[in-house]
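Residue numbers begin at 1 in each chain, while the letters A, B, ... track the order of the sequences. For the numbers below, each heavy atom of this structure counts, side chains included, while hydrogens, waters and symmetry mates do not. If you're wondering where the values come from, they're calculated on a predicted model, not measured in any experiment.
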Amino acid sequence: MEAKSIEDVRELATEDIMSPWKLAWRRLKKNKLAMLGLYILAIMVLLSVVGPLVSPYTMEQMDLSNIQSPPSLAHPMGTDEVGRDVMTRLFYAGRISLSVGLFAVVISVVIGSVLGGIAGYYGGFIDSLIMRIVDIFMSFPFLPLLITIAAVMSDWKVPPQYRMFVVMILIGILSWPGLARIVRGQILSLREQEFMQAAEALGIRDRRKIFRHLLPNTYASIIVSATLDLGSAILTESSLSFLGLGVTPPTPSWGQMVQVARDLYTLQMQPWLWIPPGICIFLTVMAINLFGDGLRDALDPRLKR
Amino acid sequence: MPGTITKRGEMMRQYITRRLIQMIPILIGISILLFFILQLAPGDIFSTMMNPHMTAEMKEELRHQLHLDQPAYIQYFYWVQGVLKGDFGDSFYFKQPVTRVINTYIWNSFLLSLVSFILSVIISIPIGVISATRQYSRFDYFFTVVALIGISIPSFYFGLLLIKWFSVDLKLFPVSGMMTPGVNFVGMEKAADILYHMALPCIVLTLSSVAGLMRYTRSSMLEVIRQDYIKTARAKGLRERVVIYKHALRNAMIPVITIFGMWLPGLFSGAIITESIFNWPGIGPIELLAVNNRDYPLLMGINLILALLTLLGNLIADITYALVDPRIRLK
Amino acid sequence: MADDLLAIHDLRTYFYTEDGLVKAVDGVSFKIKKGEVLGVVGESGCGKSITAMSILKLIDPPGKIISGDVIFEGINLIELKEDDIRKIRGASISVIFQEPMTSLNPVFTIGDQIGEAIMLHQDLDKVNARKKAIEMLKTVGIPRADEVVDEYPHELSGGMRQRAMIAMAISCNPKLLIADEPTTALDVTIQAQILELMRNLKNDLGSSVMLITHDLGVVAEMADYVIVMYAGKIVEEAEVVELFKNAKHPYTIGLLQSKPVIMRDEDRLNSIPGQVPNPLHMPSGCYFHPRCSHAMDICRESQPELKEVCEGHKAACWLYEGVI
Ligand SMILES: Nc1ncnc2c1ncn2[C@@H]1O[C@H](COP(=O)(O)OP(=O)(O)O)[C@@H](O)[C@H]1O
Ligand code: SF4
Ligand SMILES: [Mg+2]
């Protein structure tokens with residue numbers, strides 16, 4: 001009996017300490033909507049990666065004898081104004097839109113967690129300075145700022161094939177403040193907790209304290225908000241490219257492909273040119289939101305909404 | 001207690017003053033940021049604004065007049081000096097003072113944003129509350145899906161779909177603009193005409209903000225109905241309706257109000273894309289026009305106004321917050 | 001019986017959680033006489049609060065009252081419709097909760113919150129309800145009552161808030177006052193004051209009290225009759241003197257032995273070796289057997305019933321099987 005209860009305790013302890021990620025994954029797998037999101041996302045990624053490889057056309061291959069043709073067997077989504085295969089461009093655009101979103105989020109996570117971590121850990125003057133910068137960024141309307149910078153950067157005559165890097169850096173640099181706030185808040189409350197005081201007693205150096213001990217405890221919320229930010233980054237890129245200020249032709253992106261619909265004739269008569277890319281954006285962002293919500297519920301059941 | 005009320009009123013006045021003062025450094029930060037972003041552009045306006053009739057000397061002369069031959073930080077001070085006097089410079093494109101251009105268009109934006117803001121509030125709060133009180137019901141699932149669609153669909157795409165379906169295919173609504181061209185309606189007819197033009201852009205703006213507000217109200221409400229004081233209210237024998245709409249809602253709205261404050265200006269700048277898709281003569285198309293023509297004085301003016309609106313929105317939110325939550329100490 | 005105010009018979013309240021079924025209250029029966037103070041004791045999580053809230057049918061999903069009768073003044077409350085039981089809540093039966101910090105609504109004044117119950121059940125208008133609220137605040141010993149009535153909960157100390165809660169609870173002269181750990185969250189000196197207040201009020205009003213606590217010291221001071229709960233069941237019950245002098249159930253004995261003077265609940269939890277069983281995985285037989293030093297084979301196999309072990313004293317334990 002004695003032994004049994006000790007075993008019980010041990011089992012309980014391992015469940016609590018060793019496998020929060022496994023536990024979260026188990027909970028996530030039970031969430032049908034989140035898994036649906038994951039599947040849609042996987043399909044989108046797969047199509048963007050594999051699609052161009054299996055397509056008989058290339059991204060820029062024009063067929064001037066066959067322009068603006070509606071969907072057919074040869075061109076399941078029709079052709080555009082210079083006879084390029086829309087479906088092939090859609091796959092390529094997926095690569096661009098997904099990777100711009102992904103790297104923008106990576107950039108903002110790196111900046112946001114480093115600055116948020118420093119602010120939360122050191123407090124005092126450094127904290128106020130960083131948080132004032134955050135305030136400035138946050139009290140600025142995001143889209144106008146983005147548009148303005150994008151316009152200025154257009155004047156730099158960046159070659160079109162590098163535009164996507166400019167766009168991802170731009171979105172990344174403008175999106176970090178929200179994350180910095182979250183990380184800072186978490187670090188502040190973690191710092192008060194016992195294990196940190198224990199670390200302090202052991203005399204662990206500052207940098208190691210932040211990065212080895214405090215940041216890992218904020219991973220759950222960083223991952224959740226990064227996932228949801230990925231959705232907004234993809235939306236932002238698409239809006240920017242739609243306005244002609246993001247990824248520019250001949251490099252395609254989903255938002256940019258919708259741009260043709262600003263022409264009333266195309267809007268009405270050639271829906272195959274702009275409906276599919278819009279659906280791709282919508283499905284991808286929705287899938288990310290579904291998955292992100294599920295992730296939040298799984299990683300922190302207390303936050304369950 | 002009249003005594004407490006005046007005391008709180010006095011504190012509130014001090015609080016607002018303090019908050020207004022705190023806005024100053026942020027505004028300065030924003031203006032510096034904005035100004036120097038524009039400095040990143042290669043060359044100056046004369047490399048983009050080409051006028052074949054201008055000789056090199058005239059250009060030099062103009063550069064000098066506009067202080068463009070001075071270092072950037074000096075130019076900044078000249079610009080700030082003007083702004084403080086209400087002079088944002090002249091728009092290159094409109095050949096008019098920036099303030100006049102903004103004044104011409106901003107009210108249309110206000111109209112559109114305000115109507116969709118009010119609609120969003122009216123729609124999202126009741127739905128959020130009912131979703132929370134009937135968590136996991138069909139009602140809740142249905143609006144969860146609606147909200148999901150609302151936050152996932154790009155507004156330009158949704159706008160284009162509406163134009164295609166309702167304006168082009170069904171011919172129910174006008175494709176663009178704010179008034180029927182060539183007709184001079186007055187009074188109620190004019191209002192009706194504007195409403196008719198406003199319907200589609202309004203739906204686009206409302207859907208996206210309803211989605212967020214609804215979810216926010218729901219989760220705030222879910223949080224509140226778990227609290228002990230809700231149990232106390234029920235144990236008093238109050239009707240469920242009173243428990244929810246008096247005791248719970250009042251508390252649940254406190255965080256939602258903050259969001260409202262941020263939403264209004266957000267709606268405003270989010271309207272840029274929607275307005276330009278529907279050609280609504282607001283600040284959105286003008287901002288894009290300024291961007292595309294590198295009309296920097298106009299761009300600066302608009303951006304600064306939008307930033308100011310954002311700050312004011314936050315301030316109003318904080319004040320309302322302090323008004324509804326007696327626990328807020330007005331430090 | 002004529003002098004029974006409340007009689008509960010075989011009450012079962014279960015929670016259908018995502019992880020499984022939790023039998024929070026599992027076949028509980030007891031009575032409260034008019035003017036009596038019933039003490040309900042047991043470690044945290046044993047189902048005391050859920051029992052109390054079941055009386056007023058204030059159980060939120062995923063919880064559900066599965067079966068049982070709650071006869072109050074001859075009426076079975078379990079069968080009442082929502083509209084009818086609402087007339088009992090806060091009027092004939094009222095509740096004082098554990099946490100004075102969170103049990104009052106932060107956005108309404110004390111006066112509004114007390115007045116609300118008064119207007120609802122006593123048919124008074126706003127002005128008179130306010131007067132009555134001030135009077136109640138005075139009754140519970142709040143100084144400056146006519147100012148406090150317009151203050152918000154956060155402006156009061158914990159002890160004052162609990163007094164305000166009591167004022168609210170007694171404002172409609174309840175016949176039964178359910179006090180769910182009314183002093184647990186308070187400082188020791190404040191605890192004594194609140195208990196003193198409750199004792200006086202009880203004598204003045206002649207109400208019955210269901211006093212829930214895990215503090216045997218409080219029970220000894222206040223209660224006439226005591227029931228001891230463990231894992232959703234009553235394991236022992238007797239008059240207070242009998243119980244303290246002559247405890248039978250090993251769990252009660254454990255509680256009594258570990259009884260330090262006045263302490264907070266964290267310390268108390270460790271007083272009996274072992275842990276409260278996981279409600280999702282109850283042990284077989286007697287729920288207490290993993291922690292019981294007298295456990296026998298039969299204890300692991302089947303569950304003892306609550307039976308009289310000597311006159312006016314019941315226990316659910318195999319040790320006393322066949323004693324009477
Ligand atoms: N909302 C709920 N969901 C699931 N289980 C609950 C809920 N509320 C209470 N319980 C279960 O009911 C049991 C009894 O709770 P309670 O009556 O509050 O205990 P206490 O004796 O401390 O007042 C607990 O073990 C808990 O597991
Ligand atoms: S029945 Fe057995 S295990 Fe349960 S309390 Fe009695 S002796 Fe202990
Ligand atoms: Mg309890």
How long is the gap from [atom1] on [X] to [atom2] on [Y], to the nearest 0.5 Å?
X: A:I149; Y: B:I37; atom1: CD1; atom2: CD1; result: 3.5 Å
X: A:L267; Y: B:I163; atom1: CG; atom2: CD1; result: 6.5 Å
X: B:S167; Y: A:Q268; atom1: OG; atom2: CD; result: 10.5 Å
X: A:T266; Y: B:K164; atom1: OG1; atom2: NZ; result: 11.0 Å
X: B:I277; Y: A:R262; atom1: CD1; atom2: CZ; result: 6.0 Å
X: B:L306; Y: A:L145; atom1: CG; atom2: CG; result: 11.0 Å

Can you tell me if [atom1] on [X] sees more than 12 non-hydrogen neighbours from other groups inside 6.0 Å?
X: A:K32; atom1: NZ; value: no
X: A:Y39; atom1: OH; value: no
X: B:Y76; atom1: OH; value: yes

Between [X] and chain A, which part of the residue has a heavy atom less than 4.5 Å away: side chain, backbone, both or neither?
X: B:I153; answer: both
X: B:L27; answer: neither
X: B:I302; answer: neither
X: B:L288; answer: side chain

Using non-hydrogen atoms and a 4.5 Å limit, figure out which bit of [X] sits close to chain B: side chain, backbone, both or neither.
X: A:L243; answer: side chain
X: A:P277; answer: neither
X: A:L33; answer: neither

Option in A:S232, A:A261, A:S238 with maximal non-hydrogen atom pairs under 4.5 Å from chain B: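 Highest number of heavy-atom pairs under 4.5 Å: A:S238.
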
Between A:D135, A:L245, A:I133, A:I279, who has the most heavy-atom pairs with chain B when the cutoff is under 4.5 Å?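 Top count of heavy-atom pairs under 4.5 Å with chain B: A:I279.
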
Mind checking whether [X] and [Y] have side chains closer than 4.5 Å, heavy atoms only?
X: A:I275; Y: B:L161; value: yes
X: B:E287; Y: A:T148; value: yes
X: A:L143; Y: B:I273; value: yes
X: A:L235; Y: B:Y157; value: no
X: B:P25; Y: A:R132; value: no

Which heavy atom of A:P144 sits nearest to which heavy atom of B:I272, and what is that distance?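 In terms of heavy atoms, the two residues are closest at CG-CD1, 3.6 Å.
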
Taking all non-hydrogen atoms of both residues into account, name the closest pair between A:A151 and B:V291 and its distance.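 It is CB-CG1, 3.2 Å.
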
Give the ring-plane orientation class for A:F242 versus B:F156, where under 30° counts as parallel, over 60° as perpendicular and anything between as tilted.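 If you compare the ring of A:F242 with that of B:F156, the planes turn out parallel.
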
